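What follows is a single structure, written as structure tokens, with notes after it.
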Amino acid sequence: MNALDGALRPLERLVQRHGSRLARVVMVAVFAFLWLPIGVLVLMSFAEGGVLSFPPEELTLRWYGAFLSNDTARRAIALTLKISTVATAVTVALSTLIAYAVDRFEFPGKGLLQLLATLPIVVPLVVTGVALVLFFGTINLGSGYWSVVVAHVVRTIPFATLVILPTFLTFDRRLEEASKDLGADELETFVQVTLPNVFPGILAGGLLAFTISFNEFVFTYFVKGSGQSTLPVYIWDQIRYNVTPEVNVISVVFLLVAVSMVLVAVSLTRVELLARR
Amino acid sequence: MSLLTVSNLTKRFGDLTAVDGASFDIEDGEFVSILGPSGSGKSTILRMVAGFEAPTAGSMTLDGNSLVGVPPFERDLNMVFQNLALFPHLTVAENIGYGLKQSGVPKGERKDRTAAMLEMVHLEGYGDRNPDELSGGEQQRVALARALVNEPALVLFDEPLSSLDRKLRQHMQSELQRIQAETGITFLYVTHDQEVALSVSDRLIVLNDGRIEQVGPVEELYDEPATAFVADFIGDVNAISATVVERDGEHLTLDAGTATNLRARTDGRWQPGDRIDVCVRPHEVRLLDAVGDARSFATRGTVRTRSYQGSDIVYTVETEWGPLTVNARERGHAVGDEVAVTWDAADAHLFPAGESDAESESTDATAERSASESDRARPEGA
């Protein structure tokens, strides 16, 4: 014990003296690890000489042009949007109802509902993917557009619920009482007070669901029909045969969509408001 | 006819009876407070009057019309909530104008009346701000303006001032009185804070454990409390348990199980053998240098604590009757001094023993409160 103490003491002194500097170094290292590959990828999407020369000798927009004039890629984007919009709408509706029920009502199985809505996050994607294929086979839905939509709803509900539920839980119901006290009936109160206060959370949940759906690969790959490719599946097909700078371009497109969505979502959840309560 | 008549109002939540047969009237233009400890059911009464809880039994009428079954948005009254419940997504002006908007007041008139309200609560120029940009006191004013703008017959207050510091609270109290005088609207104010209730109200309704203990003007409740609970709750009190030994006309001799007997003068119908609680206000207890004056009674004690409270000194004196809290002007006594204490036999309030569970603890609680050098004002000094 004493020997251990003795060995640790210099370390402790080091932490005491240089702790915040050390922490800053570690933080920089972690963020470099996270973002450098992405930075390189963005840079390489402008590389004239293809993927093999780093650093690129010349910058160009050629690959963006190639990507946009590629019919298959454009079809993939259109399909992805078609799937994500519908899946997001369904997810938002269901998650909002779940959040409303959990917040407002006491009923048997309330805890279970909350658990079932959010726990699928921990189930391995491949497991659920296989299960979805078997399930769709059993009910004769087969593979295709609607299977993918349902799969995306399954994938996004837990995330949307996790975002939407807190806005309901933190919504002060006395605001509704105040509204009724001041002469607004139930419907007027819902439209003028409840909705404006929970809407940012619902919107944020929807944006998160959309981003996840837009990026979704595993479930899609399991249940999609042959010949259907969403954008992630398209990338996968590309890199299976050859790595072209076009893949980098698609990655940048993804990055832009995802980052902007998440930023909007975070700003709308009013994190600072939740912290104040 | 009274503006608000509440009779036999009862509310049960499962096995719990929150309000038990409460009856009271409020006249037009009055400022009435419902005073009681937390959990006494005062907020439940308010919520029933406002329409957020349905009574289990009993009736309420506002201006002669029954309130039972009427939804909150059809009642001619408005409420200032404990947490104020200002709409965070609306500006100050929109918050105040909300009630007018619901009743279909045209935009131009709405703007004028909102501006008039802002002026009344001294918040000119704050209309375009968001509520969370305002200080606690300013938010109180907005909530008040929002409740007044519809010119309701009655405004309810659910302890809105409890979150403010003492200085600001006192200021808001006088503001409330000013605004009530200006508007003539009837105020019903719920609080657990006797200081607030005593300073602002015309009449008090004291509530304990869901039941009304006493209703009356503030002075009446203070000078002639109907129960030991009221005596203890409205102002502080020293309570001593004793048994009547002898009765001679109005004069009672009481045995507190100690060497010295107490005396009391009362027109109550006490008989020898009755067990009673003797309650004495801290400012009615007198400190003497020596036990003398055979006509009265006194006992010796030791000063245990001494705390400075502005114009008064609050002493705790350890006596054979237990620790007594004494508010006195004499500053000459130090901790550890031997003193004698007495009071005028007519000043003691007598109540049947064990009527309230509170009074056996109250002596201790009072002693503790003055022992800790609290800066709270004692209402009897005010």
Side-chain angles (χ1 to χ4, degrees), chain A residues 92 96 99-100 103-108 110 163-207 264-277, chain B residues 14 43 46-53 70-91 94-105 110 114 117 130-133 139 142-152 154-160:
Chain A
V92 166
T96 305
Y100 190 83
D103 177 45
R104 294 297 168 99
F105 305 110
E106 285 303 323
F107 52 92
K110 175 174 161 173
V163 172
I164 294 174
L165 186 57
T167 49
F168 272 94
L169 293 179
T170 52
F171 172 67
D172 184 0
R173 303 257 292 276
R174 276 168 296 196
L175 295 179
E176 290 177 348
E177 287 184 349
S179 167
K180 287 183 216 165
D181 184 66
L182 292 163
D185 65 26
E186 305 277 351
L187 184 65
E188 289 165 343
T189 295
F190 184 78
V191 173
Q192 296 181 65
V193 173
T194 315
L195 207 54
N197 279 288
V198 295
F199 187 68
I202 294 176
L203 193 62
L207 289 173
V264 173
V266 166
S267 70
L268 286 175
T269 37
R270 299 189 295 176
V271 182
E272 78 284 356
L273 275 188
L274 300 186
R276 203 179 302 162
R277 277 176 194 163
Chain B
S43 286
L46 208 66
R47 290 178 59 78
M48 286 192 281
V49 174
F52 302 132
E53 303 280 356
V70 177
F73 43 87
E74 285 171 16
R75 299 184 183 206
D76 186 17
L77 50 83
N78 287 121
M79 181 151 161
V80 179
F81 288 77
Q82 184 166 21
N83 72 340
L84 307 181
L86 297 176
F87 303 123
H89 60 295
L90 301 180
T91 64
E94 285 167 341
N95 263 280
I96 295 173
Y98 190 87
L100 296 174
K101 193 175 161 197
Q102 305 315 316
S103 44
V105 174
R110 217 154 75 202
T114 302
M117 272 298 145
N130 282 325
D132 62 1
E133 292 172 300
Q139 291 182 359
V142 177
L144 183 62
R146 189 178 70 174
L148 290 169
V149 72
N150 275 2
E151 293 166 13
L154 175 67
V155 174
L156 310 172
F157 295 83
D158 190 5
E159 302 207 46

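Below, chain A is the first sequence line, B the second, and so on; all start at residue 1. None of the values given here were measured: they were computed from a predicted structure.
Looking at A/Gln192, both its backbone and its side chain come within 4.5 Å of chain B, counting heavy atoms on both sides. Heavy-atom distances place both the backbone and the side chain of B/Leu77 under 4.5 Å from chain A. Within the 4.5 angstrom heavy-atom criterion, only side-chain atoms of B/Phe52, from C-beta onward, approach chain A. Contacts between B/Arg146 and chain A at a heavy-atom distance below 4.5 Å involve backbone atoms as well as side-chain atoms.
Two residues are said to be in side-chain contact when any heavy atoms from C-beta on lie closer than 4.5 Å; B/Asn95 and B/Pro131 meet this criterion.
The main-chain N or O of A/Glu177 is never found under 3.5 Å from a side-chain atom of A/Asp181 such that the two would form a donor-acceptor pair. A donor-acceptor pair is defined here as one N or O able to donate and one able to accept, closer than 3.5 Å; no such pair exists between the side chain of A/Asp103 and the backbone of A/Ala99. Judged by distance alone, the side chain of B/Asn78 and the main-chain N or O of B/Val155 form no donor-acceptor pair under 3.5 Å.
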